[in-house]
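Working notes, structure below.
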Amino acid sequence: MRFTALLPALLVGVAAFTPPSTDFTVRSYLRTVDLMKSYVRDSSSFILENTGAEPQSSFYLAVNASYTDTESPLSAKLAMYEVKLKSDDGSTSLKYTIDDEVNEDQMKYVKIELPKSIAVGQSVTVQLASAVVRELVPLPKKIKQAEVQNLVWQGSRVAYIPYPVVKQRTKIKFSERPANAYSRFKDDPTIDGTVLTYGPYENIPPQTYEPIRVKYEYNQPLIEITKLERELWVSHSGGNLATEERYWLTNSGAELTDHFSRVRWQATTMAQQSTPALKAAQVHLRAGVRDVYFTDEIGNVSTSNLRDDYRDPVLEFRPRYPVFGGWNYSFTLGWNHDLARSVRETASEGIYVLRVPLLEGPVNAMYDEADVLVVLPEGAKVLAVDSSYKDMTEELTSLYSHLDVVGRTVVKLSARDMTDEHRRNELYVTYELSKDAQYRKPIRVATAVFAVFFAIILLGKVDVSISKKA
Ligand SMILES: *[C@@H]1O[C@H](CO)[C@@H](O)[C@H](O)[C@H]1NC(C)=O
Ligand SMILES: *[C@@H]1O[C@H](CO)[C@@H](O)[C@H](O)[C@H]1NC(C)=O
Ligand SMILES: *[C@@H]1O[C@H](CO)[C@@H](O)[C@H](O)[C@H]1NC(C)=O
């Protein structure tokens with residue numbers, strides 16, 4: 001008797017956790033799914049009211065478990081997830097943790113901490129923004145060279161929320177034209193230009209979702225950078241910050257059914273038609289950029305152009321060949337900046353702070369893997385590394401280059417699953433460098449040059465003496 005009585009309780013204890021749906025009620029949930037880029041951006045805003053019996057200092061949302069599969073790194077597609085509390089004087093980012101457990105709807109709960117608890121009957125305004133990479137698939141998977149590319153997005157017409165929702169609506173935005181095929185229900189959705197609206201729906205029970213599929217025209221490349229190696233070389237003696245970035249890029253759009261025809265390609269380019277092949281990409285660089293270069297396996301690629309707007313210089317580069325779906329292209333971009341633009345000496349002498357964007361790559365790109373290396377001068381000692389982007393591993397190593405004795409200090413940051421929008425994240429490296437160490441290298445270079453020079457003179461003398469003997 002006792003054991004059977006205990007059994008259900010045990011089962012409950014073992015079953016997956018579900019947030020108590022009575023704690024909160026969600027009002028006016030407005031969600032926008034943005035399909036204008038090569039990755040999916042989802043932004044929502046809603047009112048969260050404490051309709052429970054006690055003050056609450058945290059609440060729950062949920063993410064699709066298929067976006068966070070950490071078993072296989074390439075299927076962890078969630079590139080960004082940001083929850084903010086909106087108030088009259090701006091917004092505050094909230095800390096969150098994504099639960100490991102997957103519930104029966106293949107979702108994972110996200111626990112969000114509030115800076116101060118919400119009293120019973122009170123409400124707050126919450127904003128949620130996320131980005132998911134490698135989620136859009138071309139349909140059909142293969143197309144002819146001059147054919148238009150279509151993509152498919154799958155999701156739910158109602159946002160999955162663990163609380164009852166009084167009213168909600170989902171808008172889906174496209175860049176070029178209205179969707180050409182989508183899930184339909186009675187009067188739902190409505191179309192207005194390039195926006196598809198599902199809802200509004202009223203009084204939706206917790207954990208509701210309803211799968212939908214949307215097919216739309218997207219005649220642009222899906223730029224996926226499978227690997228980026230970004231190096232920032234700090235030189236105090238030269239007063240220079242050199243940036244070099246090596247890219248391994250693939251176009252994850254629709255592949256070609258036939259062989260590539262250059263004749264047809266030239267005709268398309270002449271007519272200025274849009275194409276799902278990557279023919280040019282843009283990179284926004286920081287003011288004061290100089291000595292920009294673009295090379296690939298073959299050598300210098302002459303088809304790059306720097307639009308040198310003072311505030312926003314833009315590098316437009318054209319790969320050596322149009323990169324169609326399934327094709328790869330690897331290349332290197334590099335440039336210089338005066339060190340003073342990125343490095344400041346702090347109030348304490350010999351202590352410097354480097355401040356650079358985390359990424360500076362092509363617009364509208366997704367990144368599978370990125371390593372950012374900051375190469376500090378010989379003898380520099382790293383005091384702190386900080387970034388507004390936290391999801392990175394950090395490593396300190398040394399690197400020896402020609403004429404180095406002590407070795408350069410290298411800060412290596414590695415991250416996965418990002419988008420070009422991570423460029424907004426900054427990276428700070430605080431380091432100590434004595435004046436002595438700053439001049440060590442040039443003196444050594446001068447000594448080395450002198451030694452070589454002297455050796456040549458000596459050899460010359462020897463040579464002369466030999467020729468005399470001969
Ligand atoms: C989760 O993602 C999968 C794959 O994209 C999709 O089929 C499913 O409908 C999504 N679930 C929800 C609740 O959005
Ligand atoms: C590479 O090409 C660019 C653009 O044509 C040119 O300005 C530059 O001098 C070239 N660099 C080298 C090293 O050949
Ligand atoms: C492109 O690169 C990937 C590895 O990143 C490789 O698996 C694939 O075979 C390459 N594709 C082509 C067409 O070379």
Side-chain angles (χ1 to χ4, degrees), residues 16 18 29 31-33 35 39-42 44 60-69 72-79 81 98-99 102-110 128 130-139 141-142 151-163 165 168 170 172 182-183 185 198-199 201 204-215 221-229 246-260 277-278 296-297 319-331 365-371 416-417:
T18 305
Y29 194 103
R31 172 183 181 218
T32 305
V33 178
L35 299 179
Y39 46 91
V40 186
R41 290 182 297 176
D42 192 324
S44 302
Y60 289 86
L61 290 173
V63 290
N64 197 317
S66 74
Y67 299 164
T68 63
D69 176 9
S72 130
L74 276 185
S75 55
K77 301 172 182 169
L78 194 65
Y81 192 83
I98 300 178
D99 206 24
V102 179
N103 76 6
E104 64 280 12
D105 299 322
Q106 303 305 307
M107 300 290 285
K108 286 182 177 178
Y109 293 110
V110 186
L128 167 67
S130 67
V132 177
V133 292
R134 299 185 299 269
E135 178 65 0
L136 298 167
V137 280
L139 191 78
K141 283 211 167 346
K142 291 190 176 194
L151 300 181
V152 167
W153 173 77
Q154 293 190 55
S156 168
R157 66 171 168 153
V158 269
Y160 189 97
I161 298 163
Y163 308 112
V165 181
Q168 77 152 288
T170 296
I172 305 176
Y182 43 85
S183 307
F185 310 82
Y198 282 94
Y201 311 113
I204 308 133
Q207 333 258 38
T208 302
Y209 73 100
E210 177 109 30
I212 51 167
R213 227 168 98 98
V214 174
K215 184 180 166 194
L222 294 179
I223 305 176
E224 181 174 344
I225 292 154
T226 49
K227 181 147 179 77
L228 163 69
E229 280 173 9
R246 287 183 293 280
Y247 288 90
W248 285 265
L249 178 153
T250 186
N251 178 353
S252 42
E255 294 174 15
L256 290 180
T257 44
D258 309 323
H259 284 296
F260 168 63
L278 173 68
D296 64 10
E297 283 143 356
R320 209 173 277 274
Y321 50 87
V323 184
F324 283 92
W327 293 15
N328 296 334
Y329 187 61
S330 42
F331 59 96
M366 312 177 251
Y367 293 81
D368 297 350
E369 245 181 86
D371 286 342
R416 302 197 64 101
D417 315 316

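Order of listing sets the numbers, starting from 1, for every ligand and every atom in it. The first residue in the sequence is number 1, and the count goes up from there.
Among Asp99, Asn103, Asn64, Thr68, the single residue meeting the side-chain hydrogen bond (donor to acceptor under 3.5 Å, both in side chains) criterion with Lys108 is Thr68.
Summarising the local packing, NZ of Lys215 is surrounded by more than 12 heavy atoms from other residues, nucleotides or ligands at distances under 6.0 Å. Within 6.0 Å of CZ on Arg213 lie no more than 12 heavy atoms contributed by other residues, nucleotides or ligands.
At the shortest separation from atom 7 (O) of ligand 1 among protein heavy atoms lies Gln154 OE1, 3.9 Å. What sits closest to atom 13 (C) of ligand 3 on the protein, heavy atoms only, is Gly326 O, 3.5 Å.
Looking at Val33 and Val40, their side chains come closer than 4.5 Å, going by heavy atoms from C-beta outward. Side-chain contact check for Phe185 versus Arg157: some heavy-atom pair is nearer than 4.5 Å.
Distance check on atom 2 (O) of ligand 3: some protein heavy atom falls below the 4.0 Å cut-off.
A centroid separation of less than 6.0 Å is found between the aromatic rings of Tyr321 and Tyr329.
The shortest N or O to N or O distance between Trp327 and ligand 3 is not under 3.5 Å. Checking only distances, Glu135 does come within under 3.5 Å of ligand 1, N or O to N or O.
When the options Thr250, Asn328, Asp368, Thr226 are ranked by their closest heavy atom to atom 8 (C) of ligand 3, first place goes to Asn328. Between atom 9 (O) of ligand 1 and the options Gly155, Ala65, Ser156, the minimum heavy-atom separation is to Gly155.
For the pair Asn251 (side chain) and Val323 (backbone), a donor-acceptor distance under 3.5 Å is present.
Only the side chain of Met107 comes within 4.0 Å of ligand 1, counting heavy atoms alone; its backbone N, CA, C and O stay farther away.
Interface atoms of ligand 1 facing Asn64, defined by a heavy-atom separation under 4.0 Å, are 1 (C), 2 (O), 3 (C), 8 (C), 10 (C), 11 (N), 12 (C), 14 (O).
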